[in-house]
Amino acid sequence: MFSDLDASWGPPAVAASAAVVVAVAGAVATKTDAWYRHLRFPSWKPPDWAFGPVWTTIFLLTTIAAVMAWNGDPDPTARVQLLAAYAVNGVLNIAWSVLFFRFRRPDWALAEVAALWLSIAVLVLVTGRVSVAAGLMNLPYLAWVSVAACLNLRIVRLNAPFRGLA
């Protein structure tokens, strides 16, 4: 009886825990200090308050997509690919915040965001292969990072050159 309960709650618990770790690490790396406030931004930049709700929604959707894909394909090879795709994406997600906010290198973050974008495209493919709905749940993440990449590019153009920590 308990093994059935563990099997049904295990994947959601692991996926939710991983999402929380990535979200918290990204949040800790994000410092909107004086350096950030003195950057020049394009007029179309979303307000700072919008980032929390958007990221919460994205993490919720990607977590659900991961669980759907895990439950939808019990093949061990497919599950390893799924875990690898999410692990790489989590590292790249955190790395962007570290590069941009901690290292104060939006130029490096701009180069890194291309890898992040590709990793999200892989998430769409590996989850969508199992469930179209799961693949579609990752599209808001891809769209948001597309906007973030454009914003990152404009910040680089408006503020370069960067020298990192002052």
Side-chain angles (χ1 to χ4, degrees), residues 15-16 18-33 35-70 72-73 78 81-162 164:
V20 167
V21 166
V22 172
V24 168
V28 167
T30 301
K31 293 189 331 179
T32 54
D33 58 6
W35 171 83
Y36 174 80
R37 288 189 304 277
H38 284 97
L39 291 173
R40 289 177 294 201
F41 297 101
S43 61
W44 52 267
K45 176 191 166 290
D48 288 341
W49 64 261
F51 288 81
V54 169
W55 276 113
T56 300
T57 302
I58 287 168
F59 279 117
L60 178 63
L61 290 172
T62 58
T63 300
I64 293 168
V67 172
M68 289 173 67
W70 179 270
D73 192 349
Q81 290 172 349
L82 181 71
L83 290 174
Y86 272 91
V88 167
N89 177 264
V91 169
L92 291 171
N93 186 297
I94 296 164
W96 185 90
S97 294
V98 170
L99 291 172
F100 191 99
F101 292 102
R102 291 294 173 158
F103 290 177
R104 298 179 178 175
R105 293 303 303 249
D107 50 345
W108 294 355
L110 180 61
E112 192 274 353
V113 81
L116 176 59
W117 192 95
L118 287 172
S119 77
I120 301 164
V122 169
L123 293 183
V124 171
L125 294 174
V126 298
T127 57
R129 175 182 59 76
V130 177
S131 163
V132 172
L136 293 174
M137 286 182 183
N138 282 305
L139 290 180
Y141 187 13
L142 191 64
W144 184 252
V145 169
S146 297
V147 170
C150 292
L151 179 59
N152 195 157
L153 174 62
R154 290 298 300 142
I155 290 169
V156 168
R157 288 185 174 166
L158 290 169
N159 296 280
F162 295 98

If we only count heavy atoms from C-beta on, is the [X] to [Y] side-chain gap below 4.5 Å?
X      : Y      : answer
Thr56  : Leu60  : no
Tyr141 : Val124 : no
Val67  : Ile64  : no
Val28  : Phe101 : no
Val130 : Met68  : no
Phe162 : Phe100 : no

Where [X] and [Y] come nearest, the two heavy atoms and their spacing:
X      : Y      : value
Leu61  : Pro140 : CD1-CG, 3.8 Å
Ala78  : Arg129 : CB-NH2, 3.4 Å
Thr127 : Gly135 : OG1-CA, 3.4 Å
Leu82  : Ala66  : CD2-O, 3.7 Å
Ala29  : Val98  : CB-CG2, 3.8 Å
Pro42  : Leu158 : N-CD1, 3.7 Å

In Å, rounded to the nearest 0.5 Å, how long is the span from [atom1] of [X] to [atom2] of [Y]?
X      : Y      : atom1 : atom2 : result
Leu123 : Met137 : CG    : CE    : 14.0 Å
Leu99  : Arg104 : CG    : CZ    : 14.0 Å
Thr32  : Leu39  : OG1   : CG    : 11.0 Å
Leu92  : Ser97  : CG    : OG    : 11.5 Å
Leu142 : Ser119 : CG    : OG    : 9.5 Å

Salt bridge (Lys or Arg N to Asp or Glu O under 4.0 Å) partners of residues 85-98, not counting sequence neighbours, each pair once: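 For residues 85-98, and leaving out neighbouring residues, there are no salt bridge (Lys or Arg N to Asp or Glu O under 4.0 Å) pairs at all.
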Going by the salt bridge (Lys or Arg N to Asp or Glu O under 4.0 Å) test, which pairs reach into residues 51-68, not counting sequence neighbours?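 Listed once each, the pairs would be none.
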Who are the side-chain hydrogen bond (donor to acceptor under 3.5 Å, both in side chains) partners of [X], not counting sequence neighbours?
X      : result
Asn152 : Trp96
Thr57  : none
Arg157 : none

Run the ring pair (Phe, Tyr, Trp, His ring centres under 6.0 Å) test against Phe51 and tell me which residues pass, sequence neighbours left out.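 Only Trp144 meet the ring pair (Phe, Tyr, Trp, His ring centres under 6.0 Å) criterion with Phe51.
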Under the ring pair (Phe, Tyr, Trp, His ring centres under 6.0 Å) rule, collect the residues that match up with Tyr86, sequence neighbours excluded.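 Per chain and number, Tyr86 pairs via ring pair (Phe, Tyr, Trp, His ring centres under 6.0 Å) with no residue.
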For [X], check side-chain contact (heavy atoms from CB on, under 4.5 Å) against everything at least two apart and list the hits.
X      : answer
Val147 : Trp44
Ala149 : Val113
Pro161 : Arg163
Val22  : Phe59, Asn93, Ile94

Residues in salt bridge (Lys or Arg N to Asp or Glu O under 4.0 Å) contact with Asp48, at least two apart in sequence or another chain: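 Scan of Asp48 (salt bridge (Lys or Arg N to Asp or Glu O under 4.0 Å), adjacent residues dropped) gives Lys45.
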If we ignore hydrogens and angles and just use 3.5 Å, is the side chain of Asp107 paired with the main-chain N or O of Leu110 as donor and acceptor?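 Not a single qualifying donor-acceptor pair exists.
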Short question: side chain of Arg154, backbone of Phe41 - any donor-acceptor pair under 3.5 Å?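 Here the side-chain-to-backbone pair does not exist.
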